[in-house]
Amino acid sequence: MAWVGLISGFFGGLLAAVLGYTVFALPLWLSLALYPLVGSLALFATIGVLLMRGRTDPPQPPAVLTAELETA
């Protein structure tokens with residue numbers, strides 16, 4: 001989970017820095033400051049989403065299978 005967060009933070013920060021400099025014509029110092037800011041936000045957002053996704057209850061088995069398991 002942490003590796004996915006690190007990778008998404010790396011690419012999110014890199015994309016923000018490059019787009020900030022090339023598309024939005026931000027100064028170089030501001031584009032470089034965007035990299036850790038957006039990267040850390042993407043990292044924590046990814047880890048948070050994966051944590052919330054992992055906390056859901058697993059789906060219940062169909063009633064046919066539970067009835068078969070109870071009789072076995």
Side-chain angles (χ1 to χ4, degrees):
M1 183 174 0
W3 286 105
V4 175
L6 285 172
I7 290 171
S8 68
F10 168 75
F11 284 116
L14 183 66
L15 182 67
V18 170
L19 286 179
Y21 186 73
T22 58
V23 175
F24 298 112
L26 295 175
L28 182 62
W29 68 269
L30 189 56
S31 296
L32 293 177
L34 277 178
Y35 176 75
L37 176 70
V38 174
S40 61
L41 289 176
L43 173 117
F44 290 124
T46 303
I47 290 176
V49 166
L50 290 175
L51 275 175
M52 295 306 290
R53 184 176 165 218
R55 290 188 181 182
T56 59
D57 293 331
Q60 297 296 325
V64 176
L65 289 177
T66 55
E68 289 176 2
L69 291 174
E70 289 174 359
T71 60

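Numbering starts at 1 and runs along the sequence shown.
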Participant: Side-chain heavy atoms under 4.5 angstrom apart, residues restricted to Ile, Leu, Val, Met, Phe, Trp, Tyr: same cluster for Trp3 and Leu51?
Facilitator: yes

Participant: Only distances under 3.5 Å count here; give the side-chain donor-acceptor pairs of residues 12-22 to other protein atoms, sequence neighbours excluded, each with its distance to 0.1 Å.
Facilitator:
from: Thr22; atom 1: OG1; to: Val18; atom 2: O; distance (Å): 2.7

Participant: Scan the side chains in residues 32-47 for donor-acceptor partners under 3.5 Å anywhere in the protein, sequence neighbours excluded, and list what turns up.
Facilitator:
from: Ser40; atom 1: OG; to: Pro36; atom 2: O; distance (Å): 2.9
from: Ser40; atom 1: OG; to: Leu37; atom 2: O; distance (Å): 3.0
from: Thr46; atom 1: OG1; to: Ser8; atom 2: OG; distance (Å): 2.8
from: Thr46; atom 1: OG1; to: Ala42; atom 2: O; distance (Å): 2.7

Participant: State yes or no: do Leu26 and Trp29 share one hydrophobic cluster built from I, L, V, M, F, W and Y residues joined by side-chain heavy-atom distances below 4.5 Å, directly or via other members?
Facilitator: yes

